[in-house]
Protein chains: 2
Amino acid sequence: MEFTRRDLFKRSAVVVIGGSITGAASTLDDPLPSWNDGAAKKAILDFVQATTDRTSPRFVREPERIATFDQDGTLWVEHPMYSQVVYCLNRVPAVVKAKPELAGAEPFKTVLSGNEEAIAKLSMPDLYKIIGAALSGMSVEQFESEVKNWLENARDPRWRKRYTDLIYQPMIEVLTYMRSKGYKTYIVTGGGQDFVRVYSEKTYGIPPEQVVGTAGGTTFAYDSSGKPYLTKDPRLLLNDDKAGKPEGIHLMIGRRPYAAFGNSVGDQQMLEYTMAGDGERLAMLVFHDDADREYAYGPAQGLPDSKVGTFTQALYNQAKVNGWTVISMKNDWKRVID
Amino acid sequence: MEFTRRDLFKRSAVVVIGGSITGAASTLDDPLPSWNDGAAKKAILDFVQATTDRTSPRFVREPERIATFDQDGTLWVEHPMYSQVVYCLNRVPAVVKAKPELAGAEPFKTVLSGNEEAIAKLSMPDLYKIIGAALSGMSVEQFESEVKNWLENARDPRWRKRYTDLIYQPMIEVLTYMRSKGYKTYIVTGGGQDFVRVYSEKTYGIPPEQVVGTAGGTTFAYDSSGKPYLTKDPRLLLNDDKAGKPEGIHLMIGRRPYAAFGNSVGDQQMLEYTMAGDGERLAMLVFHDDADREYAYGPAQGLPDSKVGTFTQALYNQAKVNGWTVISMKNDWKRVID
């Protein structure tokens with residue numbers, strides 16, 4: 001059942017008798033209360049209206065309503081370092097304890113030195129080497145419980161909050177709103193699929209099976225009592241970044257999304273693939289231009305490209321030319337992190 | 001809302017006044033009307049009851065209710081040849097037309113000869129070679145439309161029906177019943193993921209994103225007008241058979257199933273992995289022992305192993321020892337194919 005305008009009015013009226021008019025009315029009337037009025041908010045509302053109203057020529061039947069969301073920098077803070085990278089760096093001492101021969105080898109030596117400047121300069125291949133060493137050989141349950149434990153105890157140094165609390169309230173509203181309109185919301189992340197699946201349901205309301213991410217293989221084996229289990233192995237099955245995002249969407253979902261949200265060149269191909277479909281489509285890019293409430297980065301602010309979340313001038317230009325909507329965190333969002 | 005016993009009684013009573021008592025009562029009271037009473041039917045009903053009743057100590061919360069189903073030989077006929085293999089053989093003339101140099105090379109030469117006995121003797125590596133040649137380089141949309149077209153026109157020689165009509169009505173009832181109780185139903189097949197996704201929604205009510213199968217890679221590219229598209233490429237990402245089934249379940253779903261249905265040694269590890277979880281679990285094997293209404297095959301009938309759906313004596317013994325339920329098509333099913 002969908003509410004009509006009249007239903008909403010009646011329900012608001014009922015609530016007013018017993019409570020506050022502002023709270024009740026804004027929640028019922030406005031599915032995106034943390035968004036300022038403007039082109040970005042309007043683009044979302046118009047898209048959902050056009051694709052879910054049976055009388056619209058651009059109606060999309062419910063099973064096909066797929067919306068994909070990048071995670072790092074789109075749903076939660078990615079600066080100054082992806083939290084999964086922080087997790088892997090934190091695990092290095094345990095890895096070296098298990099394999100002492102790594103202590104003298106790079107990049108482990110640098111990580112163990114505690115020299116933050118040198119650690120910040122590690123290349124992506126260095127980081128992958130650490131991730132591989134940190135994760136391989138664990139059972140999938142061991143990995144899950146390790147990550148859970150780390151997320152419970154680790155704190156972001158700036159906000160002194162858990163990483164899973166550094167989520168963008170306006171985007172949580174988009175997820176909730178789209179789901180209430182029959183959209184299946186997926187995370188499509190360059191981050192590790194198994195890592196994100198640990199907290200996706202609790203943090204975003206997205207179940208593990210709707211998380212597509214960079215994925216390694218697992219190996220099925222039996223323990224000494226004959227009980228079967230899966231261990232993580234170092235084979236890379238899906239590098240879910242750039243062209244790997246549409247490829248991952250095809251592998252894991254098998255349908256082209258109607259809406260896609262990202263914030264960097266890693267999301268470009270996902271947005272292109274989404275918009276190449278027929279009918280109404282939505283492509284949006286979160287633009288980090290709010291140094292006070294979060295961070296400002298990327299060349300549009302005259303800042304150098306960082307290792308994470310590169311929003312290049314070329315991507316900005318492509319968005320303008322292609323009619324993708326750029327979300328200004330500074331201007332479009334009333335709140336960022338609660 | 002769930003019906004109580006009392007509701008069912010009242011509803012049956014109402015229907016009786018205007019219609020047939022048998023039809024109405026059996027549909028409302030019995031979610032599995034094509035199953036004979038017996039251990040197999042009881043195992044399904046008991047499992048669903050125990051895991052979905054909030055007062056049960058073995059209750060499973062709804063997001064975790066995952067049930068996985070093998071396809072070939074479990075949901076539809078696989079004998080004497082997987083229909084996907086038939087599709088690939090049918091495509092050989094088109095493949096050879098595009099690449100004439102294959103005409104003189106095996107196994108294409110044998111397929112083109114039309115010698116059915118020789119074709120039936122092709123090895124699995126031969127068949128994989130044909131499948132690879134038949135599928136590589138097509139865009140995913142081209143492939144989908146080809147398969148749709150083939151399924152529309154091809155007929156099984158024995159029943160003279162479309163392959164998608166050769167589904168087991170009792171298993172369709174299990175899918176529908178479990179979904180009505182909050183289970184997400186997945187196909188986990190050794191067959192091609194992209195192939196099964198073409199018809200899974202229409203045939204089984206299972207959307208493409210809930211089909212896990214043997215999967216090759218795709219490549220993201222742009223056509224001459226700059227439009228992005230995906231082509232199928234020959235890299236094998238997931239061989240979704242035997243140990244590959246639990247590995248595929250972890251990759252694509254990320255949760256251990258509570259119930260798993262199969263019919264061959266290709267499903268053994270999926271059933272083992274399912275049963276290794278805590279709490280109430282269900283493992284069932286469809287046993288092909290009905291030569292009249294379908295086929296009888298496997299060594300338990302004293303028949304030699306066939307290339308498809310091998311139900312070995314060892315698997316039968318393992319089922320008995322482990323408490324997996326064997327479904328006799330002959331004795332447990334009132335109907336097989338409609």
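By convention in this document, chain letters (A, B, ...) are assigned in the order of the sequence lines, proteins followed by strands, and residues within each chain are numbered from 1.
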Notebook entry, point to check: In terms of heavy-atom pairs under 4.5 Å, which option from A:E144, A:M275, A:Q210, A:K184 contacts chain B the most?
Noted result: A:K184
Note to self: With side-chain contact (heavy atoms from CB on, under 4.5 Å) as the criterion, how do A:E141 and B:R256 come out once you've worked through the C-alpha distance, each side chain's angles and the decisive distance to 0.1 Å?
What the structure shows: CA-CA 11 Å; A:E141 285 84 7; B:R256 192 193 298 264; 3.0 Å; yes
Checklist line | Heavy-atom pairs under 4.5 Å with chain A, option from B:A215, B:G254, B:P208 with the top count | finding: B:P208
Checklist line | chain A contacts, top residue of B:Y186, B:Y229, B:Y222 (heavy-atom pairs, under 4.5 Å) | finding: B:Y222
Next item on the list: Can you see which heavy atom on A:I66 is nearest to which on B:E209, and at what distance?
Entry: CD1-OE2, 4.3 Å
Check: In terms of side-chain geometry, is the basic nitrogen of A:E201 or B:R61 positioned less than 4.0 Å from the acidic oxygen of its partner?
Finding: yes
Check: Is it the side chain or the backbone of A:K245 that comes within 4.5 Å of chain B heavy atoms, both, or neither?
Finding: neither
Next item on the list: State, to 0.1 Å, how close A:T218 and B:E247 come at their nearest heavy-atom pair, and which atoms those are.
Entry: O-CD, 3.3 Å
Notebook entry, point to check: At a heavy-atom separation under 4.5 Å, does B:Q193 approach chain A through its side chain, its backbone, both, or neither?
Noted result: side chain
Next item on the list: For chain A, find which of B:E64, B:E272, B:R255 contributes the most heavy-atom pairs closer than 4.5 angstrom.
Entry: B:R255
Next item on the list: Could you tell me which non-hydrogen atom of B:L251 sits nearest to which non-hydrogen atom of A:M252, and how far apart they are?
Entry: O-CE, 3.2 Å
Check: Counting only heavy atoms not in B:D278, do more than 12 sit closer than 6.0 Å to its CG atom?
Finding: no
Notebook entry, point to check: Is it the backbone or the side chain of B:K242 that comes under 4.5 Å from a heavy atom of chain A, or both, or neither?
Noted result: neither
Notebook entry, point to check: Between CG of A:L237 and CZ of B:R235, what distance do you get to the nearest 0.5 Å?
Noted result: 10.5 Å
